[in-house]
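I have placed the structure first, in the form of structure tokens, so that the comments after it can refer back to it.
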Amino acid sequence: MFDIVKRNITGWLEQEFFPYEGFELQYKGMQPKLLIEPFMNRLIEVYCFSGVPKVFADIHLDKSVKICTYNEDFSYADLVLKPDDRELMQNFPADGILKQSIDLSKKLSKNFRFVRVDWMCHEGKLYFEELTFTPYSGFSGFDKNWNLKMGSWINLEGV
């Protein structure tokens, strides 16, 4: 088992992610690093437009994956992140961790026209993961209504 894990990790460290994972040029030439952390059982993605969180995804990664997307008032949003996720979509109530991630995302996103702020959760604690400027490398489009809605939230003044 150890040899399999070691081979996988070595492969990850040798891989250039920018050409294989959607041509994300921000990763070009970056020295790969590996952080081993406790198993995180929840991911929160906060889509922010000029510092305003507009839509969020709460992804539970327990025995099965469950995804709920919310509007800014914490009502259920029908946003499907990737076409393959449609069968994973559920409607469950927002909680304190989600609300905390939204408050912190406002601060982190205030200087960007668009950014997705990602958080991981473990045992009721929130951990910052990353700022993502090209979700799904720009290759996994949302449905037409969500593309239009999100596009209308981007302020292009001063560009």
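Given the structure is predicted, the values throughout are model-derived calculations rather than measurements. The figures here come from the full heavy-atom set of this structure, side chains too, leaving out hydrogens, waters and symmetry mates.
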Nearest-0.5 Å distance that lies between atom [atom1] in [X] and atom [atom2] in [Y]:
| X | Y | atom1 | atom2 | answer |
| --- | --- | --- | --- | --- |
| Ile67 | Leu61 | CD1 | CG | 8.5 Å |
| Arg113 | Asn155 | CZ | CG | 6.5 Å |
| Tyr76 | Met89 | OH | CE | 4.5 Å |
| Asp118 | Ile59 | CG | CD1 | 8.0 Å |
| Gln100 | Asp103 | CD | CG | 8.0 Å |
| Ser64 | Gln90 | OG | CD | 7.0 Å |

Main chain of Asn71, side chain of Ser75: is a donor-acceptor contact present, judged purely on distance under 3.5 Å?
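Here the side-chain-to-backbone pair does not exist.
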
Mind checking whether [X] and [Y] have side chains closer than 4.5 Å, heavy atoms only?
| X | Y | value |
| --- | --- | --- |
| Leu108 | Ser105 | no |
| Leu43 | Glu129 | yes |
| Asp143 | Val80 | no |

Are the ring centres of Phe128 and Trp119 closer than 6.0 Å?
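Distance test on ring centres: under 6.0 Å, yes.
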
Applying the 4.5 Å side-chain criterion to the ILVMFWY set and letting contacts propagate, would Val52 and Trp153 be lumped into a single cluster?
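In one cluster with Val52: Trp153, no.
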
Count I, L, V, M, F, W, Y as connected when their side-chain heavy atoms are under 4.5 Å apart, and connections chain through other members. Are Leu148 and Leu79 then in the same cluster?
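In one cluster with Leu148: Leu79, no.
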
Here's a test for you: under side-chain contact (heavy atoms from CB on, under 4.5 Å), which of Glu45, Lys66, Arg42 qualifies with Asp58?
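When Glu45, Lys66, Arg42 are each tested with Asp58, the side-chain contact (heavy atoms from CB on, under 4.5 Å) holds only for Arg42.
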
Taking all heavy atoms of [X] and all of [Y], pick out the closest pair and write down the distance.
| X | Y | answer |
| --- | --- | --- |
| Ala94 | Phe74 | CB-CD2, 3.6 Å |
| Thr69 | Ala57 | CG2-CB, 3.9 Å |
| Tyr47 | Met150 | CD2-CE, 4.1 Å |

Apply salt bridge (charged side-chain N to carboxylate O under 4.0 Å, His left out) to Asp78 and list each qualifying residue two or more places apart in sequence or on a separate chain.
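Testing Asp78 for salt bridge (charged side-chain N to carboxylate O under 4.0 Å, His left out), a comparison that skips the adjacent residues, returns none.
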
With a 6.0 Å cut-off (strictly less than), is the heavy-atom count around NZ of Lys110, excluding the residue itself, greater than 12?
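Not more than 12 within 6.0 Å, no.
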
According to the interplanar angle, ranging from 0 to 90°, do the rings of Phe114 and Phe49 count as parallel (below 30°), tilted (30 to 60°) or perpendicular (above 60°)?
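Because their plane-to-plane angle lies in the 30° to 60° range, the rings of Phe114 and Phe49 count as tilted.
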
Could you give me the CA-CA distance, side-chain angles and deciding distance for Leu126 and Leu104, then say whether side-chain contact (heavy atoms from CB on, under 4.5 Å) is met?
CA-CA 10 Å; Leu126 191 62; Leu104 292 169; 4.0 Å; yes

